Structure formats: C-alpha cells, structure tokens
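All remarks here apply to the structure that follows.
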Amino acid sequence: MSDIAITKDIIRSIIPSPNLNDLSNNQSEIDNDITILLEWLSPYFPPNLLTTTSNINKDGFPTIYNKFPEPSQRIKAAIRSCLKDEHNQLEFIRLYLNSINGKFNEFFQSPIMVGNKLSFLQFIDMIKAIMYYFGIQSDYLNLTVSIKRVLIKKLSLLLSSFLIDKTNFIDEMGIYFNETLFKSPESANSLDLIDIITTLVSIDFTNQLNDIVIKLSIKRINHYIVQNCTCVWDKPLLQDINNFIEREIFPSFSIVINYSTSPQHPGNHQVDNSFLLYDLIRIADDELVSLRIKEIYSLILKFPNTYHALNDLHECLSQKFNHRDFNKIPYSYNSQAFQRTKLVEMFIKKCEDNLLHSGANTIDVITTYTKTIKSFLIIDPKGVLLDKVVRPIRKYLKFRDDIIIKLVYGFLDDNHETNELYELAQELRRPSRSPKMLQQQHEEDNSLNWVPDPIDALPDFKKGKLEDIIESLISIFNSKEIFIDEFTKLFGQKLIKFKDINEIESNLNLLKLRFGKNNFTTLDIMIRDIKQSQLLQQEADAQNYNTDNIVFSSSVLSHLYWPSVLEEINNVNFNVPTIIQQKFESFKQTYSKIKPGRTLKFVPNLGLVKLNIEFKKQNIAYEVSPDKAAIISLFSEQESELSVSYISKTLNMSEYMASKGLSYWVKEGILMELTKTLYIVNEEDDDANGDIMAFSNATSSNNSATQKSADIGNNRFGELNQLESHIITMLQNITSLPGERIKTLLKIMVPKEKIDINNVSDSSLEEYLDYLVEENKLELKNGNYNLKKN
C-alpha cells in the first residue's frame, strides 16, 4: 500500500461537513418552525444560476436577477423562533454556509460553467446576482449586525475562493483592465468602473484588484520611459514624466485605489490623492534610474551633452522619502543605496570591458577620467560615488608608460586643434583654490557644523579630493617630482630651440600655482640662462662678431642645471662644418673677454640650422637639426657621390646618425641613393648654404625619390621588413606606442620561426621604425609611434 497524506478535503469526503439538512433529521418541538424555514430557504442558492438553457440570454449566460421571495407572516414567526439570539444565529449560518458551499461546488462544476468561458463583465454580473440574492435573504433573517457581517464576509470569501480555484476569473480581470483602465481620462470617472470596483471589493478582491492595477500602472510607466527617455539626454525629462502620470495614469489609478479602500463610504475614507500621486512619481523615478544605470557609460562618454540626463539622475537619487507617513502602493521600491551601488558597479564593469585594458589609448582613458569627474559630481555632489568609480581608472593610469608625457603636453598645449587633451589646458588656466579658500575649507571642516561622511562612503574617502581635475590627475602618483622633471625637460627643449620665452614663462607661472614655486628652481635658472644669452649675444654683436652673411647665435647653458637636455647628447658628438667651428671659436674668444676667467664647451647637436638651398633653379628654405645641416654641407663642398662611411668618418658621427640624415635628404628629393651606402646630389648644380635659426617641420617635395628610397630600404632591412604588417596591425588596435613597447608586443605576436625578436637589437628596430616614419607609414609624436593619418 502506498502512503496517502491526510488532507482536509479527504476528511470532508469521508465525514461531510454538517449542514441544514442535518436539522431536518433532528425532530423536536420546534421541528415545525425549522421545516418551514428550510423550505423557504431552499434551494440555498439562486435557482436561475443552475438553469441549463431555459433562461439563457443572447450572450449565452442565464438571466439571474430574480427577487428572493418575501417571507410570509408564518415564515417570519419561524425565523424569530429559530434565530432568537446571536448564539442560535451563529450556529445557523455556520450550517447554512456549509450548505451554500455544496451548492457552489455543484454550480462551478456544472456544464454552464465548465463549457462556457465567461468574459469579465459576465463574471461581474454573476457576482452581483449572487451577493444581491444572499444580501436580501440575510435582511429577512433579522440577523444582528455582527452576525450579518460574519455571514457576508464568509460568503464573499467562499465565492472568491471558487472564482480563483475553479475559473479563469483573475486572467479575465487582468485582460479587461489592461484594455480599458487607461483608455481615456473620462473612463476613470465612469459609473461602470466604480460599479465594477465595488463588486470586486464586495467579495474581498481588493488585494487582487490593487495588484493588477499597480502592475499595469508600472508597465505603462516603464513603457513610456523606455519609449521617450532612452538615449534622450539633451533635455530635462522629469517634468514630462510627471505630466504623463498626472494625465494618463493618476485619474484611473486614484479611482481604483480610493474606491477599493472604502467602497461603501469613499468620501469618508479616501486615501489622500497627493500620497497616491507621490507614490506613482516614485515608481517613475525608480524606472528612470534603472534605465540610466544601463546607459551610464554612454552618458559619461557623451558629456557635456548629457548634462540634463545626469541632473535628472541626481534629482531621482537625492529625493527625501522618509518624511512620508506611509506608502499606500505595495510596490517594492529599489532603495537609493541599492541604486547607487548598482550605478557604481555598472560603470566600473563597462570601464573594465571597454577602457581598462592594454589596447586602450591613453588619451581616451584620460579623457574618460576627466568626464567621469565632471559627470559624477553632477550625480552626487558629495563625491562619494565619484570616489568609488575613479579608483579603478586611477590604478590603471598609474601604470601606463606614457601617461606622464601625455599629461604634460596636455597641460601646456592650449591649441584646441593640436591638443587632444585641450580640456586639461583649460583646467590649468582656470583659477585654482586660493590659500584663503583653502583656509575657509579647513575652518568649515573643524567647525561645529561638521557633517559626517555619507554612510556609503569608503573608509579612506576624502571630501573634495577629486573635484580639482588637475590635482586629481597629479595625485594618482606618489610624488610630483616626475611631473617636475618632465616639465623641466620639455621646457628645456623649447628653450634650446629658441621658442617664445614669454609663452614659456606664462606656462611656468601657471605650473607654480599648482605645484609650488619652489619646485621649479632649475627651470628658473634655465630661463635665466637663455635671457642672459640673448644679452650676451647682443654684446658680442656690438663687437662686430658676425662679420659675414652667416649668423651664429648661441645659448650659454649652465651645465649643472640642464641635465634633462644635456643627458641626451653627452654621448652624441660630431664635427660641424669648418665655418661653424670657426664661428664658435671666435665667439668663445669674445665670451672670454666679456666673462674673464670663464670658458665654453661647444655642443654641436643642440640647436637648429636654417638652410637656403639652391636646387633645380629654386631657393628652398629648410630648418633642420645640426647633424642634417652638417651632412648636406659636405655635398655642397664636393660634386661627387659620398658614402655613408665617408660621411661618418669626416663628421665623426655614427653611421646610424649619418644614414638617418641621408634618408631625410633623399626623402626631400635633394639627394639620390645610388646604392645602399652611396649617395649623390639629385641635380649637378645644387648648392647648399645656411645659417642658424628656429625649427619647423619640413615636407616631402619629390614623390619619385621617396619611392626609390623605399625600394632600397626594403633591401637594407632584410628580414625586418616582415615586421611591417605586424606593426601596422598592432597600431591599428592600440593607436600609440613607444619603441620598447612595440618590441615587447612583437615578441608575442611574431612566430620565432619567422623572425626571433630577441635577436633584433633595440637600435636596429628603432632604425626600422624610423624608416617607416620616413616612408609616411608611421609618424613619431611625443616619443610614441602612431599610424600615419591620411
């Protein structure tokens, strides 16, 4: 035998519940009155509801509004005799309800119910008929108020249980309200809607009704927000959403909630409409926040065009809800703490997926970082969320090889067209917090009005730490010294190339405001050297130092204070043309007269040379480095071809430097490459002469000469030419890389059987990369190689 669980239904099938039929079998002195009462009550159910076909209307449902027969005087006497006190009444209705339960069971299993799928309105008619029938009947029974309340309450629960268990009434109710509730504002005030609500409440369907209406309202609000707010970031939307709720949702919604709360006396116990509207607006805010959490990464990237969307998000996340006494709508709101956490988690995940990886461009990361600061300070002005979301970005930036130089150039270049980090240059030029402002901040932090950090702040959260974008970027690193060194190096290069000193000093003053004036002592001395050199040059010129057409302008550098510039050239030396050497010796003698007891050391590879070259009956001006000027000067002195080795020995420079200089002039079309190591002037009557001036970029003037250089270059670099496709692919994905990083990635990308990168020297790879630059396939900018932009 198998085990059978004993349930309430099994017990009832074996031992039926007592009902009115049991009274007829219990003969007593009042049997006559009981028989009369039972005959009057029989069949304990509206008779027309059990009719199969005789009274069916055109919709296929029986007509049911038959008035319950009014009792005769004899029946009334029997009622008074049998139901004379509350105890008898309570026992009687207990048995009566059991009898009704049996009739309900018969009815809901009858062909009229099983074979016909009723519409919602047909169900409503049926409910009204049943409750009307038993309501009139209970009035005739002269029940006390409390006993009548028990009868109607238990009767409604009995009917609702059969509707839920035996029919599709709930589904039909959902379909009906979905199709009609929000059709028009006028429908909200219709008597039909009020009648339906009253009928549902009469059988204790208040919770089911409210649940359906709330779900439909949320669904409609969500649909509106998705349709009208997705990717709409350039205008405020909260007022539009509120207007939609007030016009389209609230009229019908408030009618249902109010009448379902107190259907008999709606005017006395209505819920305050302001609370209902408030709850609907909270739901809308919740839905809008959920949408914006999904969009948060795009919102940050598109800033400042997304200001209004971010401000709406701030409004939703900063509203105070705890002052309300209650929330009538049983809606599970996402708490602000939960929403803030999800916002942070989503943004960090999107950053990790799209930004914080080895293939990201450093400029893009810095730009996103600055936009993140500005955006999250709109969402949360206290900075708690900002502090959380920038931590992964700061950690990533700290270990980027090129971050310092990118930031330094970004801070200083105020040209919108050339500076990809132009916003940083603008930030640097904005007034920073003055000492007075800092003192006020300190006093506020220590005043009696001090407010603790928000509860969701991290333990090491510092208010205001990230608001200043420049300070925030600098604080990524443990020391400011790396920035000071890079600024010194950059300014030193500009000074040595005779750049505008006034512009350099202006930028330096901005930096002193951020980093402190005492951190730039070395740079102050470097600027002083250049200024004194200008005065010294004027004094030398007054002594007729420059007596011919060649102008020799010099800068006298204090070698102890130019380490960032001089360290790059200590191991680089070569012979300059005789005329230049003579000019230096003459200047050196003049200097000794002006500065007795002091002497100078000539540094040939610093500075720039301005050349005017007579070429193919044209006078072409070039501004080049001294090594290139020295190389081309040899061709002006001799009419024959010159080899790399000859130039290297004559000028006492490395063959690598000689090859790079020769490649430049081949690219310009001035020279022609006869063999891998032999060069000649491209036209017999070329001549070259020059004087020292400032620097600007030169452009190619002969495409055929460039193509020939590429063909010979392919032969010169041998197996290294196999790396070109790998390098191009690498830079398409990563955009910008220094030479050492390229070599590291090539070790991963290139199979050893093709070419073993470990056997390729750094100088060979650098020479090959420079060759690709000369061939216009790559470009070298700020020490990093990029693909040449068309």
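Please read these numbers as outputs of a predicted model, since none were measured by experiment.
Nearest heavy-atom pair, L216 versus G174, reported as atom, atom and distance to 0.1 Å: CD1-O, 4.4 Å. Contact detail for R429 and A425: the closest heavy-atom pair is NH1-O, 2.9 Å. Across I281 and I245, no two heavy atoms sit closer than the pair CA-CD1, 4.1 Å. Scanning all heavy atoms of the two residues, the minimum distance from M346 to I296 falls at CG-CG2, 3.8 Å. Nearest approach of L209 to M173, heavy atoms of both residues: N-CE, 4.3 Å. In terms of heavy atoms, S202 sits closest to S156 at O-CB, 3.2 Å.
E295 places a side-chain N or O within donor-acceptor distance of the main-chain N or O of C231, the cut-off being under 3.5 Å. Of the possible donor and acceptor atoms, none in the side chain of H308 sits under 3.5 Å from a partner among the backbone N and O of K235. Remark: the backbone N or O of I249 is not paired with any side-chain donor or acceptor of S252 at under 3.5 angstrom. Side-chain atoms of N419 come within 3.5 Å of backbone atoms of G410 as a donor-acceptor pair (strictly under, hydrogens ignored). Remark: side-chain polar atoms of K371 are paired, donor with acceptor, to backbone N or O of L301 under 3.5 angstrom. Counting only distance, with no hydrogens or angles, the side chain of E287 and the backbone of I221 share no donor-acceptor pair below 3.5 Å. Without hydrogens or angle criteria, N311 side chain to Y307 main chain gives no donor-acceptor distance under 3.5 Å. For D468 (side chain) and E471 (main-chain N/O), a donor-acceptor pair under 3.5 Å exists by modelled atom type. With hydrogens and angles disregarded, a donor-acceptor distance shorter than 3.5 Å links the side chain of T306 to the backbone of L299. Judged purely by atom type and a 3.5 angstrom limit, S375 has no side-chain atom pairing as donor or acceptor with the backbone of T372.
The number of heavy-atom neighbours closer than 6.0 Å to NE2 of H357, taken from other residues, nucleotides and ligands shown, is above 12.
Distance check: F92 CZ to L141 CG gives 6.0 Å after rounding to the nearest 0.5 Å. Note that the CD1 atom of I130 and the CG atom of L163 stand 7.5 Å from one another [nearest 0.5 Å]. Rounding to the nearest 0.5 angstrom, the gap separating the CG atom in N242 from the CG atom in L237 is 11.0 Å. Within the model, atoms CG of L288 and SG of C229 stand 5.5 Å from one another, a figure rounded to the nearest 0.5 Å. Remark: E106 CD to N101 CG distance equals 10.5 Å, nearest 0.5 Å. If you take CG on L310 and CD1 on I378, they are separated by 5.0 Å, rounding to the nearest 0.5 Å.
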Would I203 and L159 satisfy side-chain contact (heavy atoms from CB on, under 4.5 Å), going step by step from the backbone distance to the final call?
CA-CA 7 Å; I203 59 169; L159 178 56; 3.8 Å; yes

L193 vs F177, side-chain contact (heavy atoms from CB on, under 4.5 Å): CA-CA, chis, key distance, verdict
CA-CA 10 Å; L193 177 61; F177 280 107; 3.8 Å; yes

Evaluate D240 against N228 for side-chain contact (heavy atoms from CB on, under 4.5 Å), listing each step before the verdict.
CA-CA 10 Å; D240 291 343; N228 296 277; over 6 Å; no

List the steps and the verdict of salt bridge (charged side-chain N to carboxylate O under 4.0 Å, His left out) for D286 and R282.
CA-CA 6 Å; D286 206 31; R282 280 189 63 186; over 6 Å; no

Worked check of salt bridge (charged side-chain N to carboxylate O under 4.0 Å, His left out) between K374 and E427
CA-CA 12 Å; K374 295 178 180 179; E427 288 291 334; 3.8 Å; yes

Apply the test side-chain contact (heavy atoms from CB on, under 4.5 Å) to residues L313 and L343: give CA-CA distance (whole Å), side-chain angles for both, the deciding distance (0.1 Å), then the verdict.
CA-CA 10 Å; L313 185 55; L343 183 69; 4.2 Å; yes

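Counting heavy atoms from C-beta outward, E417 and Y422 have side chains that stay 4.5 Å or more apart. Two residues are said to be in side-chain contact when any heavy atoms from C-beta on lie closer than 4.5 Å; I212 and Y176 fail this criterion. Contact annotation: the side chain of L386 never approaches that of D380 to less than 4.5 Å [non-hydrogen atoms, C-beta and beyond]. Considering only heavy atoms from C-beta on, L473 comes within 4.5 Å of L424 through its side chain. Within the 4.5 Å cutoff, the side chain of F347 has no heavy atoms near those of the I293 side chain. Counting heavy atoms from C-beta on, the side chains of E315 and P236 never come closer than 4.5 Å. Side chains of H223 and Q227 form a contact here, defined as non-hydrogen atoms less than 4.5 Å apart. Contact annotation: the side chain of T362 never approaches that of Y396 to less than 4.5 Å [non-hydrogen atoms, C-beta and beyond].
Counted by atom type alone, S146 and E86 present one or more donor-acceptor pairs between their side chains at under 3.5 Å. Inspection of the R394 and S475 side chains reveals an N or O donor paired with an N or O acceptor under 3.5 Å.
Below 30°, between 30° and 60°, or above 60°: for F169 and F120 the angle between ring planes is below 30°, a parallel geometry.
For F134, the ring pair (Phe, Tyr, Trp, His ring centres under 6.0 Å) criterion is met by no residue, not counting sequence neighbours.
A salt bridge does not link R292 to D312: none of the charged nitrogens lies less than 4.0 Å from a carboxylate oxygen.
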